[in-house]
Novice: 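Sending over a structure as structure tokens; questions will come in a sec.
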Protein chains: 2
Amino acid sequence: MYSSSANVSERAVAAPTLAISTVIFALRPSESSGRPTLWIPLVRRIREPFKDLWALPGGPLTHNESLQDAASRNLRETTGLAPSYVEQLYAFGGLHRSPTQRVVSIVYWALVQPTEAALADESENVKWFRADKVGELAFDHNAIVDYALWRLRNKLAYGSVAYHFLGEYFTLAEVREVYEAVLDTRLDPANFGRQLKSTPEIEETGEYLQGGKHRPPRLYRFTGRPGLDPDNRSTP
Amino acid sequence: MYSSSANVSERAVAAPTLAISTVIFALRPSESSGRPTLWIPLVRRIREPFKDLWALPGGPLTHNESLQDAASRNLRETTGLAPSYVEQLYAFGGLHRSPTQRVVSIVYWALVQPTEAALADESENVKWFRADKVGELAFDHNAIVDYALWRLRNKLAYGSVAYHFLGEYFTLAEVREVYEAVLDTRLDPANFGRQLKSTPEIEETGEYLQGGKHRPPRLYRFTGRPGLDPDNRSTP
DNA sequence: GCAAAAGTGTTACACGTACACCCATGC
DNA sequence: GCATGGGTGTACGTGTAACACTTTTGC
């Protein structure tokens with residue numbers, strides 16, 4: 001394939017297994033406070049190695065799908081969900097990730113909306129965990145979850161991912177709740193609202209959210225495209 | 001390997017080829033202005049597909065090396081250089097990257113110091129190009145180079161990569177030249193110097209660079225660690 | 001009317017930018 | 001002495017943080 005001075009004969013021997021895994025984030029109300037918090041779904045391993053430990057959903061890459069399609073597919077297959085945002089996280093290829101075999105995992109992270117997340121499949125072998133309390137996971141999946149969390153927080157602070165946790169219409173308070181949940185801080189509603197309204201990707205609709213207990217907040221819409229990474233770049 | 005509801009029998013069929021490629025950046029004086037500019041080494045393809053076109057150096061992943069080691073190795077093999085900085089860029093896995101075969105490329109980017117870059121191997125089949133004037137490359141390598149450039153500029157602006165283009169000791173003006181070359185702007189020497197001196201990772205030495213035409217500038221040293229990505233995290 | 005959330009106004013401060021100025025060296 | 005790059009001082013503008021204040025709804 002590539003011209004290279006490497007020993008070409010080695011290639012056939014090596015051929016590490018290639019797998020795709022996904023860290024799926026959704027906001028769900030905390031059991032205690034009721035405020036939204038970050039959750040991720042994990043699958044129980046049904047064979048060795050790491051039998052009975054929890055692991056990230058994942059699977060092989062099939063021949064006729066792109067990497068991102070493979071991530072979306074195994075997300076749908078394990079949780080029944082359609083993600084609103086998918087981005088590549090990292091390719092993990094350390095030598096001893098799996099005790100039995102050399103595996104290179106290309107890991108994605110995804111966001112799903114809470115309306116969807118509510119009707120997600122949950123079973124004996126698929127369960128949702130609070131992202132900061134996952135316990136001991138199979139393989140190097142604890143490190144992967146940590147890194148995904150770090151990336152999510154980063155993207156939220158500097159990018160425009162927050163809206164993918166929400167539906168098409170949302171109030172400023174809902175966006176603020178997303179930030180507060182993910183970054184684990186409290187934000188000044190006044191300043192936060194002004195900042196959002198000054199970003200060109202946020203569009204003010206004429207609608208108001210009715211049925212609340214207090215003054216009805218205005219509804220907004222997000223009109224931006226997510227991506228700067230190669231998979232999403234071409235989308236105009 | 002992974003528990004998954006995917007059709008396990010498909011895996012054996014699929015098995016796309018896995019390759020490692022690297023975008024190697026070095027600063028070299030421009031032919032015209034003499035000011036430093038960004039260059040990258042490319043290798044000429046000696047077979048189909050894309051025979052005779054230039055491509056990124058790359059090769060297979062061998063069994064007993066990590067992804068990053070593979071990147072460093074093929075960097076050394078094509079250019080004879082030891083990189084001062086290596087970071088994973090992205091895993092490219094589109095279906096039609098190569099017309100003949102399904103290939104997933106895990107791409108790294110690297111920086112080498114100009115002292116090293118000066119003695120880099122150059123031959124009929126390995127040549128250095130200005131990063132912004134590479135012409136038409138094989139596969140999707142133009143897109144990859146563009147993305148690597150974007151990342152480098154980003155990391156330079158927000159991170160602390162600049163020092164890896166330089167030796168252990170450097171003057172503030174040298175760092176400024178790196179920024180000016182990569183970001184293609186002019187920066188105010190006064191403000192730039194103050195900013196650098198206020199970053200805790202920059203250490204002022206007692207030494208001065210002698211032999212210049214004018215007032216000898218103070219020499220500085222960088223005392224930070226590069227990384228926040230998984231490969232470099234554990235390094236204490 | 002009162003509680004609570006939506007939304008506006010105002011001020012202080014940190015930080016980046018622009019630019020005038022002084023310092024030290026080679027020729 | 002003078003040209004040139006190294007280095008300091010200082011004023012201005014922009015954006016964020018803090019917080020007082022007004023508005024609008026449900027009960």
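Lettering follows sequence order; numbering is per chain, from 1.
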Novice: Determine, for B:Glu124 against B:Arg44, whether the closest basic-nitrogen to carboxylate-oxygen distance falls under 4.0 angstrom.
Specialist: yes
Novice: Atom OG1 of A:Thr37 and atom CZ of A:Arg28: how far apart are they, to the nearest 0.5 Å?
Specialist: 9.5 Å
Novice: Between A:Tyr147 and A:Phe92, what is the ring plane arrangement, given parallel below 30°, perpendicular above 60°, and tilted in between?
Specialist: perpendicular
Novice: Would you say the ring centers of B:Trp54 and B:Phe129 fall short of 6.0 Å from each other?
Specialist: yes
Novice: Could you tell me the separation between the OH atom of B:Tyr158 and the P atom of C:dG16, rounded to a whole number of Å?
Specialist: 12 Å
Novice: State plainly whether the residues B:Arg221 and B:Glu204 are in salt-bridge range, i.e. N to O under 4.0 Å.
Specialist: no
Novice: Can you tabulate the close N/O pairs, meaning under 3.5 Å, that link protein atoms to atoms of nucleotides 24-26 of chain C?
Specialist:
residue: C:dG26; atom: O4'; partner: B:Lys213; partner atom: O; Å: 2.6

Novice: Identify whether the distance between the nearest side-chain nitrogen and carboxylate oxygen of A:Glu122 and A:Lys127 falls below 4.0 Å.
Specialist: no
Novice: Quick one: A:Phe192 CZ to C:dA5 C1', roughly how many Å, whole number?
Specialist: 16 Å
Novice: How is A:Arg194 classified with respect to the nucleic acid when contacts are heavy atoms under 4.0 Å: base, sugar-phosphate, or nothing?
Specialist: base
Novice: Does either side chain, that of B:Asp69 or that of B:Ser66, offer a donor lying less than 3.5 Å from an acceptor on the other one?
Specialist: yes
Novice: Could you check B:Tyr179 against B:Phe192 for ring-ring contact (aromatic ring centres under 6.0 Å, His included), going step by step and ending with a plain yes or no?
Specialist: CA-CA 10 Å; B:Tyr179 276 78; B:Phe192 185 83; 5.1 Å; yes
Novice: Starting at the 5' end of DNA chain D and moving along, which residue's nearest nucleotide shows up first, A:Gln195 or B:Asn191?
Specialist: B:Asn191
Novice: Is B:Arg218 salt-bridged to B:Glu207, cutoff N-O under 4.0 Å?
Specialist: no
Novice: Mind checking which nucleotides bracket the chain B contacts on DNA chain D, 5' to 3', with an atom under 4.0 Å from a heavy atom?
Specialist: D:dT4 to D:dT10
Novice: Return the angle between end axes of the helix from C:dG1-D:dC27 to C:dC27-D:dG1, with five pairs used per end and rounding to 10°.
Specialist: 10°
Novice: Below 30° counts as parallel, above 60° as perpendicular, anything between as tilted: where do the rings of B:Tyr163 and B:Phe222 land?
Specialist: parallel
